[in-house]
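Take a look at the structure below.
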Amino acid sequence: MGSEMAPDFPSHLLELEALTRGQIEALLSLAARFKRERARARAGEAPSDRRGLLRGRNVITLFFENSTRTRSSFEVAAKALGADVLSFQKDASSVAKGESLEDTVRNLDAIGADALVVRHPAAGAPRLVARVVRASVINAGDGAHEHPTQGLLDALSLRERWGTVEGKTVAIVGDIAHSRVARSNVHLLSKFGAEIVLCGPASLLPCELAQLAPGVRLTTDIQDAIRDADVIMMLRVQLERQHEAAFPASEYFQFYGLRLEHMDLAKPDAIVMHPGPINRGRELSSEVADFQRSVILNQVENGVAVRMAVLERVIG
Ligand code: NCD
C-alpha cells in the first residue's frame with residue numbers, strides 16, 4: 001500500500017498550503033484506489049477488505065461546530081479501514097463544565113486516541129491541538145482558515161472529470177471571506193496550475209486573497225467570474241461567522257445566486273460544485289442544484305475515499 005505514497009507525509013494534516021504537489025497526487029491516487037475497491041465490493045465483485053489497515057486504532061472525531069458530511073464520512077472511512085471510532089459530543093462532555101480545549105484533548109490522548117479529527121470555529125485550533133497531543137491531528141475545518149479534506153475531495157472530483165486541472169478555470173463564488181473551503185481550494189488548485197477566479201460581494205472578498213497563491217483573480221461580477229469557466233464552485237453564505245450584515249440578504253440571490261441561464265456563459269461542459277450544506281434559492285437555484293452537470297453528490301461520495309486515504313497515511 002505504502003508504495004504509492006510519498007515517504008515524507010507529515011503525521012498531521014493541518015492544511016493544504018504546506019503539502020507538496022507530489023504528496024497531494026499520492027493521496028489522490030490512494031483515494032481513487034480505495035474508491036474503485038469500494039465500488040467493486042458494493043457490486044458484489046472481488047471483495048477487498050481493508051479493515052486490517054487500521055485494526056486496533058482509535059479515531060476520535062471532535063467537532064465543535066455542526067457537520068453532516070464531514071463527520072459522517074470520516075467515521076465511515078475510519079470504519080472501512082477497521083478502526084474503532086468514537087464521536088466526541090461537545091455538549092455532553094466536560095467542555096460544557098468549562099474544561100479548556102487543551103485539557104480536553106490531553107485527556108482524549110491519554111485515553112488512547114491514535115487520530116483526532118478536529119473541527120473548531122477558531123482558525124489554528126487543530127495546530128494548537130497537534131502541539132499538545134501524541135495522536136495525529138486531522139483538521140476537519142478550522143474557522144476561516146482551511147478545510148484540507150474538502151480541498152482534496154474536490155480535487156478528486158476534478159481529476160475524475162478531466163485527469164488534470166492544469167489550465168482549467170475555476171470560479172469560486174460566494175462568501176469568500178469566511179470560507180475555509182475557498183482557501184484550501186486556492187492552495188491546492190494553484191499548485192496544479194489552475195486559473196482561479198474568486199467572486200463575491202466586495203464586503204466578502206478581501207483583496208489580500210489575490211496574494212494567497214499564484215493564478216488568483218478577484219471580481220465582484222458573477223457574470224465576469226463565470227464566463228468561460230470550466231468549474232463553478234458555489235459557497236454558502238456563512239451568516240454564523242458574520243458579526244454584522246455584509247450585504248442586504250434579500251438581494252443576495254439576485255446578484256450572486258447561480259441560475260441555469262448563467263451556465264450559458266461558462267464552457268459547454270462546465271460543472272457545478274458546492275461543498276454543502278446547500279441553501280436552495282440563496283446561493284443557487286434548485287434547478288442548478290439538480291442539474292445534470294452538478295457534481296455535488298459526487299463530491300460527497302468522494303469524501304469517504306479521500307478520508308480513508310488521509311487516515312491510512314497519517315496513522316496506517
Ligand atoms: C463546509 C464547512 O463546514 O466548511 N462544509 C463542509 O464541510 N462540507 C462549508 C459550509 O459550512 O458552508
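Numbers for residues simply follow the sequence, beginning at 1. In this text the structure is predicted, and so the values were computed from the model without any measurement. As the structure lists them, so they are numbered: ligands from 1, and atoms in each ligand from 1.
- Residues satisfying the salt bridge (charged side-chain N to carboxylate O under 4.0 Å, His left out) test with R119, not counting sequence neighbours, are none.
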Under a 3.5 Å threshold, I'd like every N/O contact between ligand 1 and protein atoms, with atom names and distance.
residue, atom, partner, partner atom, Å
ligand 1, 3 (O), R119, NH1, 3.3
ligand 1, 3 (O), R119, NH2, 3.3
ligand 1, 3 (O), R180, NH2, 2.9
ligand 1, 4 (O), R180, NE, 2.7
ligand 1, 4 (O), R180, NH2, 3.3
ligand 1, 5 (N), G276, O, 2.9
ligand 1, 7 (O), T70, OG1, 3.0
ligand 1, 7 (O), R119, NH2, 3.0
ligand 1, 7 (O), H147, NE2, 2.7
ligand 1, 8 (N), Q150, OE1, 3.3
ligand 1, 8 (N), P275, O, 2.8
ligand 1, 8 (N), G276, O, 3.4
ligand 1, 11 (O), R236, NE, 3.4
ligand 1, 11 (O), R236, NH2, 3.0
ligand 1, 12 (O), R236, NE, 2.7
ligand 1, 12 (O), R236, NH2, 3.3

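- Residues in residues 197-223 take part in these salt bridge (charged side-chain N to carboxylate O under 4.0 Å, His left out) pairs, two or more places apart or across chains: R217-D224.
- Using a cut-off of 4.0 Å between Lys/Arg side-chain N and Asp/Glu carboxylate O, K35 and E160 are scored as salt-bridged.
- Residues R183 and E17 are not paired through a salt bridge, judged by the lack of any N-O separation under 4.0 Å between the basic side chain and the carboxylate.
- In this structure, R259 satisfies the cation-pi test against F253, with its NZ or CZ atom closer than 6.0 Å to the six-membered ring centre and inside 45 degrees of the ring normal.
- Each salt bridge (charged side-chain N to carboxylate O under 4.0 Å, His left out) pair with one or both residues in residues 74-99, not counting sequence neighbours, appears once here: R71-E75.
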